[in-house]
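There's a structure below that I have some questions on.
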Amino acid sequence: MTGAQAVLESLLKEHVKVIFGYPGGAIMPVYDALYDYKDKLNHILVRHEQAAGHAAEGYARVTGKPGVALATSGPGATNLVTAITDAMLDSVPIVCITGQVATSLLGTDAFQEADIIGVTTPITKWNYQITKASEIAEVFAKAFYISQTGRPGPVLIDITKSAQMEQCIFKYPKNVRLQGYHPKTVSDLAVIKKVAEIVNQAKKPFLLMGHGVLIANAEEEVKKLVEKANIPVACTLHGLSGFPTGHRLYKGMLGMHGNYGPNVLTNSADVIIAVGMRFDDRVTGDVSRYAKNARIIHIDIDPAEFNKNIPVEVAILGDAKKALQELEKYVSYKNHEEWLTRFDSYKEEEYKQVIEKEITLKAEKLTMASVVNLLSEMTKGEAVIVADVGQNQMIAARYYKFQQSNSYITSGGLGTMGFALPAAMGAKMGVPNRQVIVIVGDGGFQMNIQELATLAQEKLPVKVIILNNNFLGMVRQWQELFFAKRYSFVDLKNPNFVDVCKGFFVDAEKVDKPAALREALEKLLAAEGPRVLEVVVEKEEKVFPMMPTGASVSEMRLV
């Protein structure tokens with residue numbers, strides 16, 4: 001078969017069902033071969049290669065399987081860079097396949113030639129340039145193995161046009177073994193017992209749950225551990241939806257705009273168990289003043305995270321699911337009710353000063369929080385929420401009451417505006433029977449607005465809520481609080497979003513009064529196809545609590 005056919009057969013061997021891509025000259029042989037694979041591989045034609053990468057991320061996030069993006073050489077390949085970086089920082093398994101100029105033309109500055117291997121080396125787990133068709137099967141097997149084992153992440157395969165056109169004998173490897181690449185999945189029992197002893201001695205233990213718990217499918221293991229030992233739990237941004245929000249031990253979200261209690265009380269804890277999280281600066285604040293009273297236990301599959309930002313007393317290297325299963329055997333129940341009650345007092349204070357005012361539907365103006373709160377109520381917390389970046393992201397995280405795991409998809413580490421719409425397309429392809437809802441600001445919506453055409457063409461019933469304050473809201477908030485209200489280039493002259501959506505053949509509606517919100521949301525949720533709801537919200541609404549840059553977690557602001 002040809003190298004192009006070998007590419008598609010390799011995808012089938014990896015049980016790939018959907019590809020997000022955009023054709024071009026250097027990848028044309030693969031697209032020609034794809035013409036005969038329409039009944040085996042579902043190709044989604046995006047309108048921009050960045051969207052292909054984000055859609056692959058969304059698919060991977062909800063399924064746990066690698067998402068696949070396909071692009072041509074040069075600008076097609078470089079347009080994937082943002083999504084690849086996003087996937088690298090958020091540990092998302094995606095396989096990006098790019099076409100390249102013919103082998104004989106490499107290094108000649110040929111038309112649409114770019115050194116995508118050099119460009120993506122710092123932002124991939126692994127990349128490789130195929131120059132011969134005979135390499136394809138082995139390289140694809142390695143790529144998929146690397147992307148989803150250990151700490152997941154993006155890989156990139158660059159294939160010259162000549163390699164796509166050559167003939168080869170196709171034989172796909174049954175097993176993959178890579179010298180020097182052996183992710184550890186089993187934890188040391190002696191270390192586990194030492195950790196259990198520390199936990200059992202704790203007076204004020206605290207478990208911090210990160211994205212790694214969801215990646216390892218260890219949500220139930222966390223629940224069993226904390227229930228047995230009576231330990232409060234808080235989630236990072238990517239850990240959200242992994243622990244039941246109504247559980248008595250759940251204390252909220254960590255981070256710059258997280259809940260008041262779990263952030264402030266981090267500095268009161270005497271033992272912190274951090275599972276599958278990387279002590280990001282948005283969680284720690286000033287690291288020199290972070291958790292100084294705590295003995296820190298860090299469970300992670302990536303040894304590079306240990307002591308990177310925060311010194312740890314005990315590190316458990318391995319798969320979170322297996323580590324927690326073992327740890328749960330050796331911990332015992334302790335009466336931490338006084339410690340748990342402290343979280344409740346902070347929760348009550350946050351509710352009175354922030355939450356109650358934000359979620360209450362007012363007579364004239366809508367708030368972002370009131371929209372998300374009502375959405376959560378109407379969907380019973382069962383939808384997949386795909387949030388963009390900015391105030392809309394934080395409000396969605398704070399006010400949607402997630403009832404199912406893997407239900408909050410967003411760009412965390414890179415903070416990529418324009419992420420939500422294409423990522424939601426991928427998520428919907430991954431879980432077609434679940435309601436998938438985009439929550440996006442007016443700024444972020446315009447960054448990949450062209451993907452409305454993809455929604456329309458594929459008839460994907462993704463629902464979009466634009467929280468429109470006619471500002472780049474988060475930047476404006478910072479300028480108000482820290483730059484003396486010098487609003488420098490954050491005021492947006494937006495288009496008529498309803499007309500734009502209808503121009504893409506997507507139904508849309510606009511509301512600006514609280515009285516009309518519920519009915520508009522009912523229409524949105526009931527729509528059979530894609531639909532957009534623009535909600536005009538208060539122009540200068542702020543997201544609180546807030547931990548200013550450089551502050552300690554103890555210095556969270558409520559106003």
Side-chain angles (χ1 to χ4, degrees), residues 82 85-86 89 237 253-260 263-264 280-289 350 353-355 357-359 362 364-372 387-399 410-421 439-449 465-497 500 510 512 534-559:
T82 297
T85 312
D86 195 274
L89 281 170
L237 187 70
M253 182 175 73
L254 300 163
M256 180 174 280
H257 291 286
N259 293 108
Y260 194 38
N263 281 284
V264 172
D280 177 75
D281 61 285
R282 290 295 171 106
V283 166
T284 64
D286 181 3
V287 293
S288 69
R289 293 183 284 164
E350 181 181 351
Q353 291 203 45
V354 179
I355 297 173
K357 300 171 187 175
E358 291 192 344
I359 65 174
K362 301 173 184 176
E364 293 299 324
K365 292 184 179 180
L366 283 158
T367 64
M368 293 181 285
S370 64
V371 175
V372 174
D388 210 72
V389 169
Q391 289 181 319
N392 63 89
Q393 176 187 38
M394 295 297 111
I395 290 293
R398 284 179 52 78
Y399 291 101
T410 193
S411 169
L414 195 62
T416 306
M417 289 179 67
F419 169 89
L421 185 58
I439 295 179
V440 62
D442 43 318
F445 183 59
Q446 294 177 76
M447 286 198 169
N448 271 312
I449 197 170
I465 298 174
I466 308 169
L467 299 176
N468 182 8
N469 55 15
N470 291 286
F471 267 126
L472 296 176
M474 189 62 85
V475 181
R476 187 215 60 77
Q477 176 171 333
W478 278 63
Q479 289 176 345
E480 176 184 344
L481 296 176
F482 308 115
F483 292 88
K485 293 189 177 182
R486 290 161 57 88
Y487 294 160
S488 181
F489 302 100
V490 289
D491 201 342
L492 293 173
K493 174 67 175 176
N494 287 318
N496 184 320
F497 286 121
V500 169
K510 177 179 179 178
D512 58 6
E534 177 191 357
V535 184
V536 179
V537 295
E538 289 187 18
K539 277 185 71 71
E540 298 194 23
E541 185 179 351
K542 293 183 284 294
V543 182
F544 282 110
M546 180 180 185
M547 177 171 53
T549 299
S552 164
V553 288
S554 300
E555 298 170 333
M556 287 282 287
R557 291 177 52 172
L558 283 174
V559 290

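FYI, side chains are in, hydrogens and waters are out, and symmetry mates aren't considered; it's all heavy atoms of this structure.
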Item to complete: Could you tell me the separation between the CZ atom of Phe471 and the CD atom of Glu540, rounded to the nearest 0.5 Å?
Response: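 Between Phe471 CZ and Glu540 CD, I get 5.5 Å after rounding to 0.5 Å.
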Worksheet entry | Shortest non-hydrogen contact from Arg289 toward Ser552 |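 In terms of heavy atoms, the two residues are closest at NH2-N, 3.5 Å.
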Discussion item. Do Ile449 and Leu421 make a side-chain contact, defined as non-hydrogen atoms from C-beta onward lying under 4.5 Å apart?
Written reply: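 In short, these two side chains do not touch, never coming nearer than 4.5 Å.
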Practice prompt. Mind listing the closest non-hydrogen atom pair of Val440 and Gly444 along with its distance?
Written response: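 Nearest heavy atoms, Val440 then Gly444: CG2-C, 3.8 Å.
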Worksheet item: Where is the tightest heavy-atom contact between Asn470 and Asp491, given as atom of each residue plus distance?
Response: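 Looking at all heavy atoms of both residues, the closest pair is O-OD1, 3.3 Å.
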Worksheet entry | Reported OG1-to-CE distance for the pair Thr549 and Met256, which is rounded to 0.5 angstrom |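 Output value for this atom pair is 4.0 Å.
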Worksheet entry | Residues, nucleotides or ligands: over 12 heavy atoms within 6.0 Å of Phe483 CZ |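 Counting other residues, nucleotides and ligands, CZ of Phe483 stays at 12 neighbours or fewer.
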Practice prompt. Test Glu534 against every option in Asn496, Asn494, Asn468 by the side-chain hydrogen bond (donor to acceptor under 3.5 Å, both in side chains) rule and name the one that passes.
Written response: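 Among Asn496, Asn494, Asn468, the one that satisfies the side-chain hydrogen bond (donor to acceptor under 3.5 Å, both in side chains) with Glu534 is Asn468.
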Practice prompt. Look only at the side chain of Gln393 and the backbone of Ser411, and say whether a donor-acceptor pair between them is shorter than 3.5 Å.
Written response: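 Judged by distance alone, yes, a pair lies under 3.5 Å.
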Worksheet entry | Working for salt bridge (charged side-chain N to carboxylate O under 4.0 Å, His left out), residues Lys362 and Glu538 | CA-CA 11 Å; Lys362 301 173 184 176; Glu538 289 187 18; 3.3 Å; yes
Worksheet item: Distance-only, no hydrogens or angles: does the Asp86 side chain make a donor-acceptor pair with backbone N or O of Thr82 under 3.5 Å?
Response: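 Between the backbone of Thr82 and the side chain of Asp86 there is no qualifying donor-acceptor contact (under 3.5 Å).
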Item to complete: Determine the minimum heavy-atom distance between Tyr487 and Gln479, stating which atoms define it.
Response: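 Closest pair (atom of Tyr487, atom of Gln479, distance): CA-OE1, 3.1 Å.
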Fill in: Spacing of Ile465 atom CD1 and Asn392 atom CG [to the nearest 0.5 Å]
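It comes to 11.0 Å.
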Item to complete: Would you check if there is a donor-acceptor pair between the side chains of Glu358 and Tyr399 at a distance under 3.5 Å?
Response: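 Their side chains do contain a donor-acceptor pair, which is all the 3.5 Å distance test asks for.
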Practice prompt. Drop me the distance from Leu237's CG to Met394's CE, to the nearest 0.5 angstrom.
Written response: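 Reported value, rounded in 0.5 Å steps: 4.5 Å.
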Discussion item. Between Leu481 and Arg557, is there a side-chain heavy-atom distance shorter than 4.5 Å?
Written reply: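 In contact.
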Practice prompt. Kindly say whether Phe544 contributes a backbone atom to a donor-acceptor pair with the side chain of His257 at under 3.5 angstrom?
Written response: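 No; zero donor-acceptor contacts below 3.5 Å.
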Practice prompt. Would you give the length of the straight line joining atom CG of Asp388 to atom CG of Leu467, rounded to the nearest 0.5 angstrom?
Written response: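 If I round to the nearest 0.5 Å, the distance is 10.5 Å.
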Practice prompt. Can you see which heavy atom on Thr284 is nearest to which on Val287, and at what distance?
Written response: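 Reported closest heavy-atom pair: OG1-CG1, 3.5 Å.
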Worksheet item: Can you name the salt bridge (Lys or Arg N to Asp or Glu O under 4.0 Å) partners of Glu350, sequence neighbours left out?
Response: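 With neighbours one apart ignored, the set is Arg398.
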Item to complete: Just jot down the side-chain hydrogen bond (donor to acceptor under 3.5 Å, both in side chains) partners of Glu480, sequence neighbours excluded, or say none.
Response: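 Counting only residues at least two positions away or on another chain, Glu480 forms a side-chain hydrogen bond (donor to acceptor under 3.5 Å, both in side chains) with Arg476, Lys542.
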Discussion item. Using every non-hydrogen atom in the two residues, find where Asn469 and Val537 come nearest and quote the distance to one decimal.
Written reply: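 For Asn469 and Val537, the tightest heavy-atom pair comes out as CB-CG2, 3.8 Å.
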Practice prompt. Take Val536 and Leu366, measure what side chain to side chain contact (heavy atoms under 4.5 Å, CB included) needs, and give me the verdict at the end.
Written response: CA-CA 7 Å; Val536 179; Leu366 283 158; over 6 Å; no
Practice prompt. With rounding to the nearest 0.5 Å, note down the distance linking OG1 in Thr416 to CG in Asn448.
Written response: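 It comes to 10.0 Å.
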Worksheet item: When you check the side-chain N and O atoms of Glu541 and Gln391, is any donor under 3.5 Å from an acceptor?
Response: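 Glu541 vs Gln391: no donor-acceptor pair found between side chains.
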